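Here the structure is a predicted model, which is why all the values come from computation and not from measurement. Order of listing sets the numbers, starting from 1, for every ligand and every atom in it.
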Amino acid sequence: MSGQPAEEQSEKKDRRKVTILTVQKKKESRKPITMLTAYDYSSALLVDEAGIDMILVGDSLAMVMLGMDSTVSLTMEEMLHHCRAVARGAKHSFLVGDMPFMSYQADTAEAVRNAGRFLKEGSMEAVKLEGGEEMTETIVAIVRAGIPVMGHIGLTPQSISKLGGYRVQGKTAADATRLLKDALALEQAGCFSIVLEAIPAAVAAVITEKLHIPAIGIGAGADCDGQVLVYHDLLGLFDRFTPSFVRRYADGRQVILQALIDFSEEVTDGRFPAEEHTYPIDENELQAFMKKA
Ligand code: KIV
């Protein structure tokens, strides 16, 4: 039995599956869209239960889950493994799988096949890929295959070597104009939504306003149609590097670390397990056993 009031319980039960139509309607009625990353079953259960509209199985998992230095080495197989786990946990949120570096850049047919694997083998409902105008042919082909595509412009971590580091994009009039052109080209190619990452808020606001599809910001200010954060950043689970645009909603690392230390100390000094953590045995059975032991 849950301690929640009945209305809240039935609201939860009645919660509808989020689709691309849901997020499009939110854009049109100016209701903010929420998106978070998740990488496994238990985080997906929580994000879904929190009522988040979209879950992105982001390639950021390379860094926060697998300890890699960047996202470039991540493989299709690694992504699909995590996508399947997330899909088992999320029943309502719309599921987007991030196409890893070199799974879509070299060849359009290969990009379509790999996008298809996200749906067939990863149980995702859409894919995300990075890049602007240069990606439109690929996006058209994936969308033509019946797969919704989310674009991603601004700071695109898969091109980190080309960008010269994790830095804000669109800070000059020329760069901002190029980003707007890219966003409109992605919309024209058939994207259902676009992530705007690390872009000055005023530039992101103009791009959002010009687009008919939802713009989901990360480090792009409050005027985007929605916001996305990395699960580990929001919960304060990853302290190797935290971008300045992140708000930490919990100091999860400290909470978990303290629990682990408590466990270690209690086992060491004999406080765990206690009586309530052990299985009893009938006294006669125990005596009979002891005689034979
Ligand atoms: O991989 C990821 O987590 C992302 C988000 C930061 C948008 O691409």
Side-chain angles (χ1 to χ4, degrees), residues 23 32-40 43-44 47 52-76 78-83 85-86 90 93-105 115 118 122 124 126-132 135 148-160 163 165-170 179 182-183 186 191-199 204 207-208 213-221 224-235 237-238 240-248:
V23 291
I33 299 162
T34 51
M35 179 158 103
L36 278 178
T37 66
Y39 313 103
D40 60 15
S43 58
V47 174
I52 301 298
D53 293 316
M54 294 195 274
I55 292 181
L56 171 68
V57 185
D59 64 354
S60 49
L61 79 84
M63 297 163 86
V64 300
M65 296 290 288
L66 304 180
M68 296 174 179
D69 286 334
S70 78
T71 58
V72 298
S73 323
L74 199 68
T75 65
M76 274 295 296
E78 285 163 336
M79 278 304 303
L80 293 174
H81 173 76
H82 286 267
C83 286
V86 167
S93 308
F94 186 70
L95 301 177
V96 184
D98 217 356
M99 297 193 72
F101 183 56
M102 291 319 291
S103 69
Y104 59 96
Q105 287 93 340
F118 272 89
M124 294 288 102
V127 295
K128 175 169 87 58
L129 55 84
E130 297 182 5
M135 294 313 307
V149 177
M150 176 178 271
H152 182 163
I153 58 171
L155 171 52
T156 46
Q158 291 177 12
S159 317
I160 207 62
L163 297 178
Y166 294 93
R167 52 182 71 230
V168 183
Q169 302 296 304
L179 285 175
D182 281 339
L186 295 185
C191 281
F192 76 95
S193 173
I194 303 178
V195 168
L196 306 180
E197 179 164 356
I199 294 174
I207 295 175
T208 302
I213 54 173
I216 312 295
I218 174 161
C224 298
D225 300 304
Q227 298 294 327
V228 55
L229 281 179
V230 167
Y231 182 85
H232 289 61
D233 289 341
L234 177 153
L235 293 175
L237 293 172
F238 186 71
R240 220 172 73 191
F241 168 70
T242 308
S244 61
F245 54 71
V246 167
R247 177 175 288 169
R248 276 194 178 175

Side-chain donor-acceptor contact under 3.5 Å, Glu197 with Gln169 | no

With a 3.5 Å cut-off and no angle check, do the side chains of Ser60 and Tyr231 form a donor-acceptor pair?
-> no

Pair Ile207-Leu179, side chain to side chain contact (heavy atoms under 4.5 Å, CB included): steps then yes or no = CA-CA 8 Å; Ile207 295 175; Leu179 285 175; 4.0 Å; yes

Using a distance-only test with no angle check, is there a side-chain donor-acceptor pair under 3.5 angstrom linking Thr208 and Asp225?
-> no

Residues forming a side-chain contact (heavy atoms from CB on, under 4.5 Å) with Arg240, sequence neighbours excluded | Met63, Asp69, Phe238

Ignoring hydrogens and angles, tell me if any N or O in the side chain of Thr75 forms a donor-acceptor pair with the backbone of Glu78 under 3.5 Å.
-> yes

N/O to N/O under 3.5 Å, ligand 1 against protein:
residue: ligand 1; atom: 1 (O); partner: Asp59; partner atom: N; Å: 3.1
residue: ligand 1; atom: 1 (O); partner: Asp59; partner atom: OD1; Å: 3.0
residue: ligand 1; atom: 1 (O); partner: Ser60; partner atom: N; Å: 3.0
residue: ligand 1; atom: 1 (O); partner: Ser60; partner atom: OG; Å: 3.3
residue: ligand 1; atom: 1 (O); partner: Asp98; partner atom: OD2; Å: 3.2
residue: ligand 1; atom: 3 (O); partner: Ser60; partner atom: OG; Å: 2.5
residue: ligand 1; atom: 8 (O); partner: Lys128; partner atom: NZ; Å: 3.0

